[in-house]
Amino acid sequence: MSSIIDSFHRRINYARISVTDRCNLHCIYCADRAAPHLLHEDILRYEEIHRVVQAAAGLGVQKIRLTGGEPLARLDLSRLVELLSQVEGIDEVSLTTNGTMLDRYADELKAAGLKRVNISLDSFKADKFKYITGSDRLEDVLSGIEAAKKAELHPVKINMVVLKGINDDEVVDFARRSISDGWHVRFIEHMPFANTEAEHNGLVSIGEVMAMIQASLGELKPSFPKAGNGPARYYQLPAAEGTVGFIGPVTECFCANCNRFRLTADGQLRPCLLEDDEVDIKGPLRDGASIEELGRLMQKAAALKRAQHRLGEEHAPVKRQMRQIGG
Ligand code: SAM
């Protein structure tokens, strides 16, 4: 089988697919709250995403993660999960969600073939949650986490973006959940996307986050979870059943092992989250491109992948924010 190999010999076997740019939360670091939304006709239909995934699977892509915007804000996401889970060569369809609607959908997603879920949560405090997300749905997220666990969407991972002076005082509380509740918590460095409220907020590095946790909860021992071939480094605290993971896109560039591309909700192949390069696949798709032609567009996108992103060089993507790419 032919595969997608970029100019730096990295094999691409993972696609992150955004199904919508709409979200029911409006996080200060993710989106310009006033930015316009895509028109309905510009968003790829499920059958179109299915075709892109068939082409990708033919080139060795094995894992798909659905994201957004908020993927569960799109009608009948389980139908897409079912379609993609049945594509030959795809062994895992997973989801990144803010969790607010998981209580309602976890069981049906599981039945449709969803393997696992990452849930974003940045604060346990109702007032801070509201400040960060513009919403008071903290309790819904907590119920969503429980629903995902009950539906056995294992391992359920909780993603916390660490924001300087905003929620960094909760890092230890989040890490403690790996001991008290067996949670798998991942700490993510804040990436400064242009025109977001938190753009100039400053950085808490992953090194600082690890130091805070070790000072309060003891030594972090490296851990190697079954599911996790991405950029996170995993550790365990003494007596913890869960893990803590650290993702440092700003201070710990992990581009050398990058194995992914992104597909935006409006049908652009995006080789790197943090660079504005894109290849249009929607136009050719709607013009009736064959699976082979779609595959060639993926090869073209892979050829645009740079050795590494330039975030540390004061360069930030400007064309889109996370809500519009799919984090
Ligand atoms: N709505 C879903 C959610 O909340 O998980 C999926 C989309 S969201 C863009 C995906 C992930 O990107 C979330 O974990 C979010 O916290 C993260 N994210 C968004 N903007 C970010 C930024 N500027 N820096 C770091 N992570 C960010």
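Ligands are counted one by one from 1 in listed order, and the atoms in each one are counted from 1 as well. Sequence positions, counted from 1, serve as the residue numbers for this chain.
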Exercise. side-chain hydrogen bond (donor to acceptor under 3.5 Å, both in side chains) between R116 and S94: does it pass, once the steps are laid out?
Worked result: CA-CA 5 Å; R116 56 199 185 90; S94 60; 5.1 Å; no
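- With N13 as reference, Q62 is the one residue of Q62, K63, R260 to meet the side chain to side chain contact (heavy atoms under 4.5 Å, CB included) rule.
- Of all atoms in ligand 1, listed by their number and element, those nearer than 4.0 Å to a heavy atom of F193 are 23 (N).
- Close to ligand 1: G69, with a non-hydrogen atom less than 4.0 angstrom away.
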Problem set entry | Residue pair R186, I158: steps toward the side chain to side chain contact (heavy atoms under 4.5 Å, CB included) verdict | CA-CA 6 Å; R186 307 194 310 169; I158 311 302; over 6 Å; no
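- At least one heavy atom of E189 sits less than 4.0 Å from an atom of ligand 1.
- Both the sub-6.0 Å distance and the 45° axial angle are not jointly satisfied by R51 relative to the ring of Y46.
- Side-chain contact, T97 with E70: a donor N or O sits under 3.5 Å from an acceptor N or O.
- For a threshold of 3.5 Å applied to N or O pairs, the pair formed by D122 and ligand 1 contains no separation below that value.
- In terms of polar-atom proximity, defined here as any N/O pair under 3.5 Å, Y29 does make such a contact with ligand 1.
- Proximity of N98 to ligand 1, defined as any heavy-atom pair under 4.0 Å, is shared by backbone and side chain alike.
- Per-residue contacts place T97 under 4.0 angstrom from the following atoms of ligand 1 (heavy atoms of the residue considered): 2 (C), 3 (C), 4 (O), 5 (O).
- For ligand 1 and T96, the ligand atoms under 4.0 Å from any heavy atom of the residue are 2 (C), 5 (O), 6 (C), 10 (C).
- Salt-bridge formation is not detected for the pair R286/D280: no Lys NZ or Arg NE/NH1/NH2 atom is positioned less than 4.0 Å from an Asp or Glu carboxylate oxygen.
- Residue M191 places at least one N or O, backbone or side chain, under 3.5 Å from an N or O of ligand 1.
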Problem set entry | Candidate pair R320 and E278, rule salt bridge (Lys or Arg N to Asp or Glu O under 4.0 Å), full reasoning | CA-CA 11 Å; R320 294 175 190 260; E278 291 180 355; 2.6 Å; yes
